[in-house]
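Let me begin by presenting the structure, written as C-alpha cells, before commenting on it.
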Amino acid sequence: MFPVIYLSDTISSIVQLNLVLAFGMLVPLLLSREKTWHRALLFAACAVLTARYLYWRAAYTLAPLDLTLDCLASWSFFAIECSACLSSLSAFLILSRHRDRRQEASRQQDWWEPEPAPRVAVLIPTYNEERDILERTIVGALALDYPDFSVHVLDDSGRDWLKNYCASRGVTYVRRPENTGAKAGNMNHALRQMAAEGPEPTFIAVLDADFVPHSNFLKRTVALLKDDKVGLVQTPQHFFNADPIQHNLGLSRSYPDEQRFFFDYLQPSRDAWGIAYCCGTSSVIRWSALKEIGWFSTESVTEDFLLTLCLKDAGYTSVYLNEALSEGLAPEGLKEYISQRARWCLGMMQIARSRFGPFSQNRLHLADRWSVIDSVLYWTTNFPFRIAILVYPLLYWYFNIMVVDATLQEVLRYFGTYYLWILITLNFVSGGLVVPVVNDISQLLGAVPITRAAITGLFFPKGHPFSVTAKGGDRSRVVIQWRLITLFGTFFVLTVAGLLLGIVSDYFAYNDAGDGKIVVMFWTFYNLIVLGVTMIVCVELPRREIHFQDKPERAILHTDKGRTRVWIIDLTQNSVRIRGAAMHDDAPVKIEIEGVGIVNAIVTLPSDDGARLLLEPKPEQHEALLRRFYTTGEAPGVTKTRYRALLGDLAKRLSASHR
C-alpha cells in the first residue's frame, strides 16, 4: 500500500494550479476549436470554476453584515465582481459555438446565373476625411470585381474638391442641405434620392470613408444573400495601421489589434447563435428589407447594431462572413480610440432604452434579446470593474478596510485555478489573443469615459450628438496625453504611497490582517505594473500611415547603364528599397514593378548593394499602387500573437521609455 501523503495548504494549492496547467497543455493536443462539443466542454469548465470561485467569495471572504465600512466595501466590491462574472458567463455561452460560412459563400457564388447579377449600390458616407484617405477608398471601390455596381460618395460637409474628384472618376456625388441624423441621416438622404430617381438596386454595400474593399468583396458577400430572408451580411474589419496600444508599445509586429478577438472569434460565435450584428462598414444590405423598415434608424448613435434589430423585428436574419474582404484605418490617437468606444457604449445604452430593448414589446426572438443584454452587460460591468480593481486596495492601505478576507493559499486555490483555466480556454479558442496586462490596458484606458457613457446612456438616452472618429492628420510628433497620464499617475502615486506606508510605518502596518495583507500586496503590485505600462501607452509616438509590403519580389531596374534584375525588399506608396544593384545618390532611374509599370524614381540612401528609391508615379500608376496595396491579398497586420516577439518588443519599448 502506498503511504498517505498529507500536503500543506500551500502545497495543495500549488498542486491544484499545476493540475490546471497540465490539463491546459493537453487541450491543444486532444481538442479542436472547430468542434462545438469540444468548445462547450471547455467553457462549461470555465462556468463551473466561475461558480466555485463566487461561492467561495460569498461564503468565506466577505465581511459580516453590519453597519461598518468593512461591510460596505467588501459587499460592494463583490457585487461589482459578480456583475462582471455574469457578463463573462454570457460570453462563455456565446463562445461555446462558432460558424464558418466561407464554404457556403463559395457554393453559392454566382447564384443568380444565368440571370444578370443583382445590382449593388456602394455607399461611401464621408464627413471630414482627407483626400488621400478618400482617394484610396474610391479607387478600391471602382476596382471591385463584380458585374453590376455603382459607387456613391455621400458628402456631409459640402466639399467642392470632392465633388470635382468624383466627377473625374465617374462616381456619383451626393450632398445634402443639412446634417441631421449624422451618418444614418446622410445615408437615408441618399437612399431616398435613389428610390425617387430609380432604378432601385437589389443590395447596398456600406463602406466607411477610410475602408477599402478587396476586389472580391461583393462577389463573396452577395453570395450569402441568395436566401430572401437574409437581410444583411457583415464582414470583419481589418486594419493596415496599428491601433494606439500596438503602436505606443511597439507591438505592431507581434500582437494583433484590439478588435481581432471580436471580429475573428466572437462574431462567428454570435453567428452560430443567430445573433451576429452589423458593424457599419464592410456590410451588404438587402434594399427591399431596408426600405421595409424605413431605412436606417436615427434613434441611436450606433445605427449599425440598431439596424440589425430593426431587420430582425421585420423577420430578416443577419449573417457573418469571417473573411478579410476590406481593410481600413484604426484610430491613430488615444483620444479617438477612447471616444469611439465611449460612443459605442452610449449607443448600446440608447438601444437598450429604445423600443428594441430586451424587455420592450417587439417581435425580437429570445436570442436577440439576450444579444442586447450581453452587450449591455459588457459595457456596464467590465469597465466599472476595472476602476474598482484600482480603488479597493487603497482602502486597505490607508484605512485598514479589508475587501477580500482570504489567505494566499485560498486565493491560489479558488481564484488562481479559475483565472488560469479561463486564460487557457480563451487563448486556445482565439489563438493566443488574451494576454494579461496588455488586455487590462485596453480596458483601463477607456474605463472612466465608458463608465460615464454607460450611466448617461441608461438614464439620459436622448439628445446626444454623433461624435465622428477623426482619422488622418499630422501624427509626426510625440504627443503626451496629459489628462490620461494625470489620472493614471495619481492612482500610481497613491498605490505606491499606500504600499510604502503599509511596509515601513507602524501606524499603517495593520498586522491584524494576517495573510490577507499578502493578498492585497500582490494585488497592489499587479496594479502598479498595469498602471505603469498604461502611462507608457499615453505617450503617443510619431507615426506615418503608410501601407507597405515587405515580401521580396523581383523587379527590373532601368539605369543609364541598362537593365538590371533586382529584389524589392520593401515597397510603400512613396518609396521602394531594392537590393542587387549599386547606384549613386540622387541618380534618376526607372523601376518596373509588376502590376504598376515602369515608374520614375530618384535614388536616396544608397548602400553597397542597393538603395532606397523615391517613387514619382504618374496618376494612373499611383492608382495602380493603391489597388495593389489595398484591394488584394490576405488580412493586413498581425492576426495571431507571437509571444516570443511580443516579450522582446515589450522589453525594448519599456527600456526605451526609461532612457
Could you tell me whether the side chains of [X] and [Y] share a donor-acceptor contact shorter than 3.5 Å?
{"X": "S326", "Y": "S282", "value": "yes"}
{"X": "E81", "Y": "Y392", "value": "no"}
{"X": "E299", "Y": "Q350", "value": "no"}
{"X": "D440", "Y": "Y526", "value": "yes"}
{"X": "W421", "Y": "T417", "value": "no"}
{"X": "R286", "Y": "S288", "value": "no"}

Can you classify the ring geometry of Y55 versus Y60 as parallel (below 30°), tilted (30 to 60°) or perpendicular (above 60°)?
perpendicular
On the 0 to 90° scale, with breaks at 30° and 60°, tag the W379-F383 ring pair as parallel, tilted or perpendicular.
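Correct class here is parallel.
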With side chain to side chain contact (heavy atoms under 4.5 Å, CB included) as the criterion, how do I245 and Y255 come out once you've worked through the C-alpha distance, each side chain's angles and the decisive distance to 0.1 Å?
CA-CA 10 Å; I245 297 174; Y255 183 70; 5.5 Å; no
Do the non-hydrogen side-chain atoms of [X] and [Y] ever get within less than 4.5 Å of each other?
{"X": "L329", "Y": "F239", "answer": "no"}
{"X": "L307", "Y": "L290", "answer": "yes"}
{"X": "T50", "Y": "Y418", "answer": "yes"}
{"X": "L123", "Y": "L191", "answer": "yes"}

Measure the spacing between [atom1] of [X] and [atom2] of [Y] and express it to the nearest 0.5 Å.
{"X": "Q234", "Y": "S318", "atom1": "CD", "atom2": "OG", "result": "9.0 Å"}
{"X": "R343", "Y": "C345", "atom1": "CZ", "atom2": "SG", "result": "12.0 Å"}
{"X": "L321", "Y": "S283", "atom1": "CG", "atom2": "OG", "result": "12.5 Å"}
{"X": "T451", "Y": "N382", "atom1": "OG1", "atom2": "CG", "result": "10.0 Å"}
{"X": "L444", "Y": "N439", "atom1": "CG", "atom2": "CG", "result": "12.5 Å"}
{"X": "L366", "Y": "I275", "atom1": "CG", "atom2": "CD1", "result": "10.5 Å"}

Under the ring-ring contact (aromatic ring centres under 6.0 Å, His included) rule, what do Y53 and Y414 come out as? Steps first, then yes or no, please.
CA-CA 5 Å; Y53 168 69; Y414 293 98; 8.2 Å; no
Could you go through D264 and H238, starting from their C-alpha distance and side-chain angles, then the distance that decides it, and tell me whether this counts as side chain to side chain contact (heavy atoms under 4.5 Å, CB included)?
CA-CA 10 Å; D264 294 353; H238 286 270; 4.1 Å; yes
Stepwise salt bridge (charged side-chain N to carboxylate O under 4.0 Å, His left out) test for D155 and R176
CA-CA 8 Å; D155 184 13; R176 61 176 178 153; over 6 Å; no
Given E258 and R341, is the salt bridge (charged side-chain N to carboxylate O under 4.0 Å, His left out) satisfied, shown in steps?
CA-CA 12 Å; E258 183 246 357; R341 281 144 183 79; 2.7 Å; yes
Would you say the side-chain atoms of N362 pair up with the backbone N or O of R355, donor to acceptor, closer than 3.5 Å?
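Indeed, once roles are kept as given, a pair shorter than 3.5 Å links the two residues.
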Could you tell me whether a side-chain N or O of W273 sits under 3.5 Å from a main-chain N or O of A367, the two making a donor and an acceptor?
no
For the side-chain hydrogen bond (donor to acceptor under 3.5 Å, both in side chains) test, which of N128, T126, N179 pairs with D156?
N179
As a test of understanding, state which of H98, R99, R101, R97 forms a side-chain hydrogen bond (donor to acceptor under 3.5 Å, both in side chains) with D271.
R101
Decide yes or no on side chain to side chain contact (heavy atoms under 4.5 Å, CB included) for Y320 and R270, but give the supporting numbers first.
CA-CA 9 Å; Y320 185 72; R270 281 180 154 269; over 6 Å; no
With a cut-off of 6.0 Å (strictly less than), are more than 12 heavy atoms of other residues, nucleotides or ligands near CD of Q361?
no
Have a look at V537 and tell me which of I441, I485, L484 forms a side-chain contact (heavy atoms from CB on, under 4.5 Å) with it.
I441
Among V404, T495, L528, V411, side-chain contact (heavy atoms from CB on, under 4.5 Å) partner for W523
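Checked V404, T495, L528, V411 against W523; only one passes side-chain contact (heavy atoms from CB on, under 4.5 Å): V404.
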Ring centroid separation F262 to Y277 under 6.0 Å
yes
Below 6.0 angstrom between ring centroids: does that apply to W370 and F359?
no
Start with the C-alpha gap between W56 and T61, add the side-chain angles, then the distance that decides, and say whether side chain to side chain donor-acceptor pair (under 3.5 Å) holds.
CA-CA 7 Å; W56 166 72; T61 68; over 6 Å; no
Assess the residue pair L89 and L93 against the criterion (side chain to side chain contact (heavy atoms under 4.5 Å, CB included)); give the C-alpha distance rounded to whole Å, side-chain angles, the decisive distance to 0.1 Å, and a yes or no.
CA-CA 6 Å; L89 290 171; L93 184 57; over 6 Å; no
